[in-house]
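Because the structure is a prediction, the values reported are computed rather than measured. When a ligand or atom number is given, it counts from 1 through the structure's own listing order.
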Amino acid sequence: MLDFIKRRKTTYQFSDKKIQGRDIVKILEAARWAPSSKNSQPWKFIVVKNKANIEKIVSECYYNLFHTTPQLIIAVVMDTKTPVRRLESLEMELRYINMGMPVVNMCYEAQMLGIGSCILRPLGNEVEKILKIPNNKKVPIVVGFGYEDKKTKQPKRTRKELRGIVRYERYSE
Ligand SMILES: Cc1cc2nc3c(=O)[nH]c(=O)nc-3n(C[C@H](O)[C@H](O)[C@H](O)COP(=O)(O)O)c2cc1C
């Protein structure tokens, strides 16, 4: 598992190869089984296959110039009956924490299937407009999927050392 985790990476260059429908369902199943606070499952997933819409969505995300267009986007909708702007801050924090869970599950399921992924953060509310999201909901994150174009030059992937990020029993610098 650890080796598998270390091999997951952001894919920056996608080939034209289409993702099979049954693989999309597996990726969505992985999202469905993600943990959430009180098992609230406060999300909906929008599967975007339309190339023009994918291009528009990617162009509304941060660092979009580093990516070619993925074959598929799954947008994570932060779903709530209470309008997002009226949520109390603790509840709001939990909602955002919840959003990361299906994202990671989807990336790993895709990796299992040999499919690359990239996590993208929409910059404004254009993505919500494109996807016709009601005013009281948000799309804090979208995930792009596709087969990696093997010609890609991968930026060097690094992580902080454990000794820099782990403390025992209490906090210290
Ligand atoms: C919450 C979140 C938001 C991210 N948003 C973007 C983004 O908008 N654009 C982008 O190019 N990468 C984005 N990334 C990808 C990270 O930059 C990437 O995961 C990180 O640099 C580590 O590289 P790796 O995924 O190859 O291990 C995001 C990742 C996370 C977890």
Side-chain angles (χ1 to χ4, degrees), residues 1-15 19 27-28 30-37 40-48 51 53-80 84 87 89-131 133 137-166:
M1 186 66 187
L2 189 54
D3 183 53
F4 186 75
I5 287 171
K6 287 182 182 178
R7 277 189 284 114
R8 191 225 37 92
K9 61 180 172 132
T10 299
T11 297
Y12 287 94
Q13 197 86 24
F14 296 97
S15 76
I19 301 177
I27 291 169
L28 291 167
R32 183 166 83 93
W33 279 95
S36 61
S37 53
S40 53
Q41 304 164 64
W43 43 55
K44 283 206 170 51
F45 303 98
I46 303 186
V47 179
V48 184
K51 197 167 192 289
N53 277 352
I54 290 174
E55 269 163 18
K56 273 195 249 166
I57 290 170
V58 169
S59 74
E60 295 298 334
C61 291
Y62 184 66
Y63 273 153
N64 64 78
L65 294 178
F66 291 97
H67 297 88
T68 54
T69 321
Q71 291 299 312
L72 173 81
I73 282 218
I74 299 181
V76 182
V77 184
M78 195 158 93
D79 202 17
T80 162
V84 171
L87 287 174
S89 71
L90 181 63
E91 207 183 333
M92 181 68 113
E93 278 173 25
L94 267 180
R95 289 217 176 239
Y96 279 106
I97 291 168
N98 282 327
M99 292 305 107
M101 307 286 165
V103 168
V104 185
N105 276 17
M106 288 194 283
C107 291
Y108 286 127
E109 180 59 23
Q111 183 183 343
M112 211 46 214
L113 298 164
I115 296 166
S117 63
C118 61
I119 303 168
L120 296 170
R121 176 167 67 89
L123 288 173
N125 52 8
E126 272 314 301
V127 171
E128 281 144 17
K129 285 189 197 152
I130 297 164
L131 299 174
I133 307 294
K137 302 184 197 304
K138 279 188 85 63
V139 176
I141 203 94
V142 306
V143 191
F145 298 96
Y147 291 92
E148 187 176 24
D149 187 342
K150 292 296 175 204
K151 290 182 292 248
T152 312
K153 196 164 178 285
Q154 185 77 31
K156 193 170 175 353
R157 297 181 58 248
T158 58
R159 291 297 188 266
K160 293 175 181 174
E161 294 296 332
L162 275 186
R163 66 172 182 279
I165 57 174
V166 179

(message) So does Phe4 get a backbone contact from the side chain of Gln111, meaning a donor-acceptor N/O pair under 3.5 Å?
(response) yes
(request) Taking Glu60 for its side chain and Glu55 for its backbone only, find out whether a donor-acceptor pair lies under 3.5 Å. (result) no
(message) Checking contacts here: is it the side chain or the backbone of Ile141 that comes within 4.0 Å of ligand 1, counting heavy atoms only? Could be both or neither.
(response) side chain
(message) So if I count the atoms of ligand 1 from 1 in the order they appear, which ones are less than 4.0 Å from some heavy atom of Thr10?
(response) 15 (C), 18 (C), 19 (O), 23 (O), 24 (P), 25 (O), 26 (O)
(message) Just to be sure I'm reading this right: ignoring hydrogens, which of Ile119, Val103, Thr158 gets closest to atom 5 (N) of ligand 1? Compare them by their nearest heavy atoms.
(response) Ile119
(request) Let me see the working for Asn98 and Ser36 under side chain to side chain donor-acceptor pair (under 3.5 Å), right down to the final yes or no. (result) CA-CA 5 Å; Asn98 282 327; Ser36 61; 4.9 Å; no
(request) Check the pair Val58, Ile73 against side chain to side chain contact (heavy atoms under 4.5 Å, CB included), reporting the backbone distance first and the verdict last. (result) CA-CA 9 Å; Val58 169; Ile73 282 218; 3.9 Å; yes
(request) Calculate, to the nearest 0.5 Å, the distance between atoms CG and NZ belonging to Leu131 and Lys44 respectively. (result) 14.0 Å
(request) Show which atoms of ligand 1 fall inside a sub-4.0 Å distance from at least one heavy-atom site of Lys9. (result) 25 (O), 26 (O)
(message) For the 3.5 Å polar cut-off, considering only N or O atoms, please tell me whether Arg159 and ligand 1 meet it.
(response) yes
(message) Check this for me - ligand 1, Leu120, N or O atoms closer than 3.5 angstrom, yes or no?
(response) no
(request) Could you tell me whether Tyr62 and ligand 1 have an N or O pair separated by under 3.5 Å? (result) yes
(message) To the nearest 0.5 Å, what is the distance between CD on Glu126 and OG on Ser59?
(response) 8.5 Å
